[in-house]
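Remarks on the structure that follows.
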Number of protein chains: 2
Amino acid sequence: MATEQSKSDISRTRILDAAAKTFRQKGYAATTLNEIAKVADMQAGSLYYHFNSKDELLEEVLDIGINRVHEAVEESQENMPAGASQRERIRAAVDAHLTTLLKHGDYTSASISIFAQIPEEIRQRQIPKRDAFSALWRRILGRAQKAGALRNDVNLSMVRLLLLGALNWSVEWHKPGKTSIHAMTEHVCLMLLDGISTEEGIRGAEVEREEVA
Amino acid sequence: MATEQSKSDISRTRILDAAAKTFRQKGYAATTLNEIAKVADMQAGSLYYHFNSKDELLEEVLDIGINRVHEAVEESQENMPAGASQRERIRAAVDAHLTTLLKHGDYTSASISIFAQIPEEIRQRQIPKRDAFSALWRRILGRAQKAGALRNDVNLSMVRLLLLGALNWSVEWHKPGKTSIHAMTEHVCLMLLDGISTEEGIRGAEVEREEVA
DNA sequence: CCAATTTTCTAATTATCATTAGAAAATTAC
DNA sequence: GTAATTTTCTAATGATAATTAGAAAATTGG
């Protein structure tokens with residue numbers, strides 16, 4: 001056997017890729033095995049040599065998706081130089097999250113966007129994995145707050161949910177090549193950390209006035 | 001005829017409510033007419049007296065959903081006292097958006113969360129309506145920037161997309177009664193306008209340290 | 001109350017789709 | 001090269017679900 005991967009492994013990956021892509025585009029229920037098979041360049045019946053059911057295929061796609069974004073964000077923190085500021089740590093996490101989602105993202109996008117509409121049993125098994133990922137973000141923000149970089153008078157849970165919403169929703173509008181992920185990261189951090197208000201705006205006393213850049 | 005609404009109108013509304021609720025929970029493809037009919041306390045065949053197809057029913061739910069949130073945000077601006085600050089205007093828009101989404105929200109939630117997975121033809125017809133709603137938000141933020149309340153060096157399009165993402169994603173996690181919509185509005189505005197960084201955090205020079213509230 | 005009309009139900013019909021069984025093709029090991 | 005094994009294909013099967021036609025029930029106007 002010359003190749004590292006068996007033929008089976010190659011086909012399996014091809015099927016998973018096709019499934020992730022199709023689930024992400026059409027949702028779970030609207031995706032037929034025929035469609036997945038066509039994208040994977042196969043016949044529908046052949047899928048069953050590799051997976052026992054459509055649900056099993058779905059579950060593996062979801063697992064891969066949540067794992068990838070979890071690992072990416074985790075590594076972004078581990079690879080941080082010792083002296084890095086909390087701001088830099090948060091920026092790295094945001095960037096890792098967005099990059100995983102938008103750049104190599106069928107698995108992760110699928111795992112995020114079709115979650116609400118999958119069979120109950122599979123959803124139940126996904127919840128702990130999503131909770132673990134939430135906990136990672138909670139740690140990142142919590143540490144920043146403890147270090148004095150974030151205000152103490154905010155509800156960090158709500159901040160985290162809103163932040164992840166802004167990040168996750170980007171799969172609905174991001175067009176590759178149109179907006180750079182780096183620019184997105186910068187804007188997220190600007191909003192989250194500094195706000196986009198001007199000094200006058202913060203004081204809340206501005207009046208109507210013309211002022212063009 | 002004693003009642004104002006004909007029996008037909010009442011049934012029609014009951015069906016639409018049931019459809020909005022079910023579409024929102026299960027997605028478009030996974031929702032069967034049988035299920036909608038059961039929620040509406042009818043038989044599946046009877047739906048056809050009121051709607052010509054599942055798609056027509058879907059389209060009307062989506063139309064109502066996008067209209068409601070559009071109108072709510074628009075009214076929030078029209079009802080603003082003349083001297084209101086830009087901050088207050090933005091807060092009012094955020095609050096209207098969230099309230100429509102989370103409080104009376106099956107139609108609007110459905111229109112937002114299942115959009116990616118509906119039949120192509122219907123999606124095409126929804127796009128201009130969503131664009132019009134986007135434009136409303138663009139005007140609100142653009143006016144605030146022109147008035148000097150928002151920094152001139154931010155990409156307002158990106159800010160808008162991220163902001164709407166944070167708002168829209170809340171349908172995925174908000175539990176009625178658990179988090180108050182008002183608190184959500186406050187946090188959104190705090191993040192968007194002021195940022196949650198401390199002064200030291202903004203300067204980016206903080207060091208690890210214990211500091212509990 | 002009665003006839004016309006509106007609304008709902010019941011019982012097909014048809015299409016689609018996940019899944020299966022067994023045959024064919026491809027690959028591997030010798 | 002050939003037999004064993006792995007992988008894929010073809011052609012059912014059975015279930016589910018959208019849709020329809022015509023019968024029943026409810027409602028309305030007189």
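Every value quoted in this text rests on a predicted model; they were computed, and no experiment measured them. Each chain gets a letter, A, B and so on, in the order its sequence line appears, and its residues count up from 1. Values reported hereafter were calculated over all heavy atoms of this structure, with side chains retained and with hydrogens, waters and symmetry mates removed.
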Distance check needed: [N] [atom2] versus [X] [atom1], whole Å only.
{"X": "A:Tyr48", "N": "D:dT6", "atom1": "OH", "atom2": "P", "answer": "22 Å"}
{"X": "A:Arg12", "N": "D:dT6", "atom1": "CZ", "atom2": "C1'", "answer": "15 Å"}
{"X": "B:Leu58", "N": "D:dA17", "atom1": "CG", "atom2": "C1'", "answer": "16 Å"}
{"X": "B:Leu47", "N": "C:dT10", "atom1": "CG", "atom2": "C1'", "answer": "14 Å"}
{"X": "B:Lys54", "N": "D:dT16", "atom1": "NZ", "atom2": "P", "answer": "16 Å"}
{"X": "A:Asp9", "N": "D:dT6", "atom1": "CG", "atom2": "C1'", "answer": "13 Å"}
{"X": "B:Leu57", "N": "D:dT19", "atom1": "CG", "atom2": "P", "answer": "10 Å"}
{"X": "B:Phe51", "N": "D:dT19", "atom1": "CZ", "atom2": "P", "answer": "13 Å"}

Ignoring backbone atoms, establish whether A:Ser11 has a side-chain N or O less than 4.0 Å from OP1 or OP2 of D:dT8.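 Affirmative; the distance criterion is met.
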Considering just the side-chain nitrogens and oxygens of B:His50, establish if one lies under 4.0 Å of OP1 or OP2 belonging to C:dT6. no
Which word best sums up how the rings of B:Trp169 and A:Trp169 line up, parallel for under 30°, tilted for 30 to 60°, or perpendicular for over 60°? perpendicular
Those residues of residues 34-41 of chain B lying under 4.0 Å from DNA chain D by at least one heavy atom: none
Are B:Lys54 and B:Tyr28 in a cation-pi setup, meaning NZ or CZ lies under 6.0 angstrom from the ring centre and within 45 degrees of the ring axis?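 Flagged: B:Lys54 positioned over aromatic ring of B:Tyr28.
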Sequence neighbours left out, what passes salt bridge (Lys or Arg N to Asp or Glu O under 4.0 Å) with B:Arg68? Give chain and number order.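 Testing B:Arg68 for salt bridge (Lys or Arg N to Asp or Glu O under 4.0 Å), a comparison that skips the adjacent residues, returns none.
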Which pair of non-hydrogen atoms, one from A:Met184 and one from A:Leu98, has the smallest distance, and what is that distance?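 For A:Met184 and A:Leu98, the tightest heavy-atom pair comes out as CB-CD1, 3.9 Å.
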Return the nearest nucleotide to the side chain of [X]; candidates are [options].
{"X": "B:Tyr49", "options": "D:dC9, C:dT7, C:dA18", "value": "C:dT7"}
{"X": "A:Thr32", "options": "C:dC17, C:dT8, D:dT6", "value": "C:dC17"}
{"X": "B:Ser46", "options": "D:dT19, C:dT8, D:dC9", "value": "C:dT8"}
{"X": "B:Ser53", "options": "D:dT10, C:dT8, D:dT19", "value": "D:dT19"}

Strictly by modelled atom types, are A:Asp63 and A:Gln126 linked by a side-chain donor-acceptor pair under 3.5 Å?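 Their side chains do contain a donor-acceptor pair, which is all the 3.5 Å distance test asks for.
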Are side-chain N/O atoms of A:Asn168 and B:Glu172 paired as donor and acceptor at under 3.5 Å? no
Nearest-nucleotide 5' precedence on DNA chain C, B:Met42 against A:Asp55: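 Checking each residue's closest nucleotide, the 5'-ward one belongs to B:Met42.
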Residues forming a ring pair (Phe, Tyr, Trp, His ring centres under 6.0 Å) with A:His174, sequence neighbours excluded: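 Ring pair (Phe, Tyr, Trp, His ring centres under 6.0 Å) check on A:His174 returns nothing, list empty.
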